[in-house]
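Comments concern the structure below.
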Amino acid sequence: MTQHLRSNSIAHRDIEFHLHSQTNPALFEERGPVIVTRGEGIRVYDANGKAYIDAMAGLWCASLGFSNARLAAAATRQYAQLGFYHTFFQRTHEPAALLAEKLVQLTGMTGGKTYFATSGSEANETMVKLAWVYHTVRGKPTKRKVIARDRAFHGSTIAAASMCGLEFMHREFGLPLPGFLHTLCPSPYRGMLDGEGETAFVERLAAELERLILSEGPDTIGAFIAEPIHAGGGIIVPPKAYFARIQEILRKYDILCLDDEIVCGFGRTGNWFGKETVGMAPDMMALAKGLSSSYFPISAVVVAPKIYEAVREFNKEGGSFGHGFTNSGHPVGVAVALETLKIYEEMDVVEHVRRMGSHLRSRFEEIGAASPIVGEVRGAGLMLGIEIVADKETRRPFAPGLQAGLTFDRIAYENGLVARCMGDVLGFSPPLIVSDQDVDEIADRCAASLQGLEAYLRQAA
Ligand SMILES: Cc1ncc(COP(=O)(O)O)c(C=O)c1O
């Protein structure tokens, strides 16, 4: 299929030289790349000039769309003033100090500190290392294991991938590493037993967590990590009482609660942070993506005072916190992030997301009620999922061979809509700047694509 490509074309060179993330190599060689040439608001354009609404904000991240002039100007100003400096050895610069302060305030981690890194994976790994320091300083160095959940996504570096609860993140690499454990995913739609109410479901999840802790030994477990709402695992909103109950158990066994806000942070779920949406009270929070609208690779960990105190205590006889990335607190990254936060505040991002999210959700619910294959519409704010099923009554999934979700993605793409299937969950996480009209366009294209999928499924039956 790609034999006709000129040898100096971008597509040819990309196939020849570029190893892509999360891409099947043979299929890529056959089909070639999708080349994206420019962005305009919530839309991106391919090399043929065709426009797409990117209803995933890229990878849940471009919250201010793809062409924000203020972010470009903030980067340009900072490049002209100080294009790089590091934050090792007591160095800092104005935007790093201001952003550190702003993030402690915004997250409500009063008295805490902000640590900077460059990716979500690094932020999550930083939380794990800090948990180890914390327990060591308190005379509990054996508390090193981390519990994550099935269907979680926490990144691609070795510990972060170990914390993922997704087989495709493990299978090539012999992961998870020893010491990274998984407990049940709090998915009401897929996890609740017949006749089991929400309360009993939460009790079962809690009992299973406690069983795991006791069987491993509470003196070996250091931390529990969770996204407030699973993103890549299929947009899973836990039952209301879930985190309060889980955190009772964590406290009982002296286990830290690590909050991966990499997708849920900065308005995505209709609050500043996902922890507010689900009632989580973490000891550390990992932030990335929406922090800079992904206009610069920057991430952060905001820690409670006790975590900082542990680092201080560990090094009290000399020595330094033995951790850091060359680009931690990169001046351009922090300047872009500061401008991003300013824009969120000016647009009242929380209120805007609540309004647009409720509009998009009610459109999806209408579409779902009319469609024979929509099993559930779920999510919060502008993080919504549609689970498609072969049978709405019994929730029977489609045969994997049908590739129903992937087929939806392909049809949506033809209709100028970028969505993202996670198995048979169709994900929507559009830029937070969407207007009512954009929401209607997303919903209309989604409805047309679902009808296309239904026609395909009828033919395949
Ligand atoms: C919830 C969550 N955590 C962590 C990550 C990893 O972030 P990064 O790809 O920047 O390392 C992602 C990426 O999609 C994510 O969705």
Side-chain angles (χ1 to χ4, degrees), residues 20-23 54 56-63 115-129 146 148-166 168-170 173 175-176 180 182 185-187 223-238 257-269 273-275 277-278 280 282 284-302 325 327-328 330 333 336-337 340 379-385 418-423 425 427-430:
H20 283 256
S21 305
Q22 303 291 356
T23 296
D54 191 328
M56 277 304 294
L59 295 171
W60 326 78
C61 55
S63 297
Y115 180 83
F116 291 116
T118 50
S119 71
S121 303
E122 288 169 359
N124 282 336
E125 301 232 351
T126 298
M127 294 200 294
V128 171
K129 288 173 82 177
V146 179
R149 283 111 36 95
D150 297 335
R151 296 179 72 175
F153 188 87
H154 295 297
S156 295
T157 48
I158 296 172
S162 293
M163 295 190 287
C164 291
L166 296 163
F168 71 86
M169 294 299 291
H170 295 158
F173 312 111
L175 294 175
F180 290 88
H182 294 86
C185 166
S187 160
F224 171 86
I225 185 167
E227 304 158 78
I229 295 176
H230 282 66
I235 311 196
I236 297 158
V237 187
C257 180
L258 316 184
D259 175 10
D260 178 343
E261 291 271 357
I262 288 158
V263 168
C264 294
F266 302 104
R268 173 62 59 197
T269 69
F273 295 98
K275 66 173 184 171
T277 305
V278 299
M280 188 183 191
M284 295 185 236
M285 297 168 68
L287 313 171
K289 298 194 190 263
L291 170 58
S292 67
S293 188
S294 277
Y295 277 48
F296 198 93
I298 176 172
S299 64
V301 176
V302 186
F325 306 97
N327 290 303
S328 286
H330 190 292
V336 170
T340 304
L382 281 169
M383 185 176 174
L384 296 172
V418 178
R420 151 109 170 258
C421 75
M422 292 154 278
V425 180
F428 297 84
S429 163

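Please read all numbers here as calculations on a predicted model, not as lab measurements. Counting starts at 1 for both ligands and their atoms, in listed order.
Contact residues for ligand 1 (protein heavy atom closer than 4.0 angstrom to any ligand atom): Ser119, Gly120, Ser121, Asn124, Phe153, His154, Gly155, Glu227, Asp260, Ile262, Val263, Lys289.
Phe296 and His330 have tilted rings, their planes meeting at an angle from 30° to 60° on a 0 to 90° scale.
Side-chain contact between Val237 and His230 is absent, with no heavy-atom pair separated by less than 4.5 Å.
For Glu227, there are no side-chain hydrogen bond (donor to acceptor under 3.5 Å, both in side chains) partners at least two apart in sequence or on another chain. With sequence neighbours excluded, no residue forms a ring pair (Phe, Tyr, Trp, His ring centres under 6.0 Å) with Tyr295. The ring pair (Phe, Tyr, Trp, His ring centres under 6.0 Å) check on Phe273 picks up Phe266, with sequence neighbours excluded.
If you take NZ on Lys275 and CD on Glu261, they are separated by 7.5 Å, rounding to the nearest 0.5 Å.
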